[in-house]
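For reference, the structure discussed in these notes is given below.
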Amino acid sequence: MKFGIIRERKNPPDRRVVLSPEECQNVLSKFPKAEILVESSPIRVFSDKEYAEKGLPVVEHMETCEVLLGVKEVPIEALIPNKKYFFFSHTIKKQPYNRELLRAILDKNIELYDHEVITNAKGARLVAFGRYAGIVGAYNGFRAYGLKYNLYKMPKAESLLDQQALIAELKKIQLPNIKILLTGKGRVGNGAKEMLDAMGLEQVGVTEYLNEDFTYPVYCQIDASEYNKRKDGIRGNKADFFQNPEAYKSDFFRFAKVTDFYIAGHFYGDGAPYLYTREDAKQPDFNIKVVADISCDIDGPVATTIRPSTIADPIYGYDPVSEKEVDFKAENAIAVMAVDNLPCELPRDASIGFGEAFFKHVIPSFFNNDKDGVLDRARMTQNGKLTTRYAYLQDYVDGKE
């Protein structure tokens, strides 16, 4: 089996890669029948030289490879027909901007495997960058807080080498006695939690957070069962919420009253209630002044997120009264950090972590007849058609929806 690590061609450039030079070596040592070629790239976080030094051939063309590994969408003109491709296609939710890409994949008889749907038998994702989104998102949130109040200045995450460098910067700052709320206990939420803990911030429980005052900064991490409640008054739980989101309403406002800085690291499912609405943000006792929205659902559950921001310009202000964008330093403005490609700011760490998971969960499937069904579940197209699992995308491909 000959794998090719393709050059990322999407704009803005993404420096991440599926397999680091060291991970490539791990693949080759464990699976002697594997070959790996690396397409030359001027932007990849690991240079051509780093791959060559590990004995990997760096080439200009990928035509001889069977399986092509990338991160972001491949431009239509760069797709090689009749190959197996792995990348984030951003088509499974019928994203209109990638309809032509999926059509081209079918026309070119490409077998597409989307990283987002590489799952175990229970449907849990096996490879993801979420932890790194949480790590960078928390850092960016503290940077936004310092800039809003002119308290301290931190370098941009993209200018720092790795997670340890981010932590070193966070340890330098002096925070006032603020309350920090973190939603989500998955990869993203726990990635953010790593940073809060590394700073030495004290974690407190829900009751203390809501009712007590502190003489130092504290944080509270909550899950869906704590910021939602059943409409009928019956005590709910997380499993019930995910099965019946429409039976719930938001119970977030009690947190908004006492929170200064909010980090949104939750997963938001269809039919779930918004955490807070634009009307909630207008209330005089809505206290949140800085939001790091790592989840970044636009006009969604975090009402102050009215657009994604960029690595180049990561913070904007939201005026709750006018519901418009303003200078984030304005007195009544809520500062919003909503960068939607956060792992790109930590490309080396993110690539190493992703590659470890890809090596563990995906590569073996090519050599064991896919005994765990990993490839079968992630295969979106085959023989010029959508596979059964992804047949729901047919009307999207045909332009009927």
Side-chain angles (χ1 to χ4, degrees), residues 137-138 140-152 173-184 189 192-193 195-196 199 201-229 249-266 268 273-297 299-306 309 314-338:
N140 284 1
F142 283 107
R143 183 172 176 271
Y145 192 92
L147 289 170
K148 174 156 178 73
Y149 293 111
N150 287 317
L151 287 174
Y152 50 80
I173 65 175
Q174 284 283 309
L175 288 171
N177 305 336
I178 57 172
K179 286 184 174 179
I180 302 161
L181 183 70
L182 169 61
T183 49
K193 184 184 189 313
M195 303 302 275
L196 304 182
M199 292 169 72
L201 291 176
E202 183 177 325
Q203 181 175 4
V204 298
V206 169
T207 305
E208 296 167 273
Y209 186 84
L210 293 174
N211 300 304
E212 293 181 25
D213 292 322
F214 296 87
T215 56
Y216 47 89
V218 298
Y219 81 91
C220 182
Q221 184 183 23
I222 60 172
D223 214 336
S225 57
E226 285 144 333
Y227 57 78
N228 292 300
K229 63 181 178 183
K249 62 181 180 179
S250 174
D251 196 21
F252 184 88
F253 201 82
R254 59 190 181 137
F255 294 98
K257 287 179 179 179
V258 299
T259 296
D260 301 288
F261 167 30
Y262 168 44
I263 304 171
H266 56 271
Y268 178 72
Y274 282 10
L275 279 83
Y276 61 87
T277 64
R278 293 188 180 193
E279 288 308 310
D280 290 334
K282 287 183 169 72
Q283 303 308 313
D285 49 355
F286 185 90
N287 193 60
I288 298 170
K289 282 291 181 281
V290 178
V291 177
D293 189 355
I294 304 168
S295 302
C296 197
D297 292 299
D299 277 330
V302 176
T304 44
T305 302
I306 52 176
S309 57
I315 312 161
Y316 59 86
Y318 174 82
D319 177 7
V321 178
S322 68
E323 301 182 6
K324 296 283 194 298
E325 186 174 326
V326 293
D327 180 348
F328 72 88
K329 291 189 177 182
E331 192 178 345
N332 295 323
I334 296 168
V336 178
M337 188 293 302

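Every heavy atom of this structure was used, including side-chain atoms; hydrogens, water molecules and symmetry mates were not. Sequence positions, counted from 1, serve as the residue numbers for this chain. Quantities reported herein were computed from a predicted structural model and do not represent experimental measurements.
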Do Val206 and Cys220 come within less than 4.5 Å of each other through their side chains, counting heavy atoms only? yes

Please examine the side chains of Phe252 and Asp280, heavy atoms only from C-beta on, and report whether any two atoms are closer than 4.5 Å. no

Heavy-atom closest pair, residues Thr183 and Ala264: OG1-CA, 3.5 Å

Would you check if the side chain of Tyr316 reaches a backbone N or O of Ile306 as a donor-acceptor pair within less than 3.5 Å? yes

Residues Gly137 and Ala292: closest non-hydrogen pair is O-CB, 3.8 Å

Anything under 30° is parallel, anything over 60° is perpendicular, the rest tilted; go ahead and classify Tyr149 against Tyr145. tilted

Does any non-hydrogen side-chain atom of Leu175 lie less than 4.5 Å from one of Ile173? yes

Can you check side chain to side chain contact (heavy atoms under 4.5 Å, CB included) on Ile180 and Val218, steps first, answer last? CA-CA 6 Å; Ile180 302 161; Val218 298; over 6 Å; no

When you measure from the side chain of Glu226 to the backbone of Asp223, do you find a donor-acceptor pair of N or O atoms at a distance under 3.5 Å? yes

Step by step, work out the side chain to side chain contact (heavy atoms under 4.5 Å, CB included) result for Ile263 and Leu181. CA-CA 6 Å; Ile263 304 171; Leu181 183 70; over 6 Å; no

For Asn287 and Asp260, work out which heavy atoms get closest and say how close. ND2-OD1, 3.2 Å

Do Tyr318 and Phe328 have their ring centres less than 6.0 Å from each other? no

Are Tyr276 and Phe255 close enough, and set up right, to give a side chain to side chain contact (heavy atoms under 4.5 Å, CB included), and what steps lead you there? CA-CA 10 Å; Tyr276 61 87; Phe255 294 98; over 6 Å; no

Kindly say whether Asp319 contributes a backbone atom to a donor-acceptor pair with the side chain of Glu323 at under 3.5 angstrom? no

Asp299/Arg278 salt bridge by N-O under 4.0 Å criterion: yes

Between Phe286 and Ile334, is any pair of side-chain heavy atoms under 4.5 Å apart? yes

Side-chain donor or acceptor of Glu202 paired with backbone N/O of Tyr219 under 3.5 Å: no

Where the side chain of Ser295 meets the backbone of Asp297, is there a donor-acceptor pair that is under 3.5 Å apart? no

Give a yes or no answer on whether the side chain of Lys282 reaches the backbone of Thr277 with a donor-acceptor pair at less than 3.5 Å. no

CG on Asn177 to CG on Asp213, rounded to 0.5 Å: 9.5 Å

Under 3.5 Å, is there a donor on one side chain and an acceptor on the other for Gln283 and Lys257? no

Would you mind reporting whether Asp251 and Tyr227 have side-chain heavy atoms less than 4.5 Å apart? no

Are the side chains of Leu275 and Asn228 in contact, using a 4.5 Å heavy-atom criterion? no

Quiz item: cation-pi between Lys179 and Tyr209, 6.0 Å / 45°: yes

Using atom types as modelled and distance alone, determine if a side-chain donor or acceptor of Lys148 lies under 3.5 Å from a backbone N or O of Ala333. yes

Pair Thr305-Asp293, side-chain donor/acceptor within less than 3.5 Å: yes

Centroid-centroid distance, Phe261 to Phe142, less than 6.0 Å: yes

A side-chain contact here means heavy atoms from C-beta on lying under 4.5 Å apart; do Ile315 and Ser309 qualify? no

With a 4.5 Å limit on heavy-atom distance, are the side chains of Gln203 and Lys193 in contact? yes

Heavy-atom pair of closest approach, residues Ser250 and Pro273: N-CB, 3.8 Å

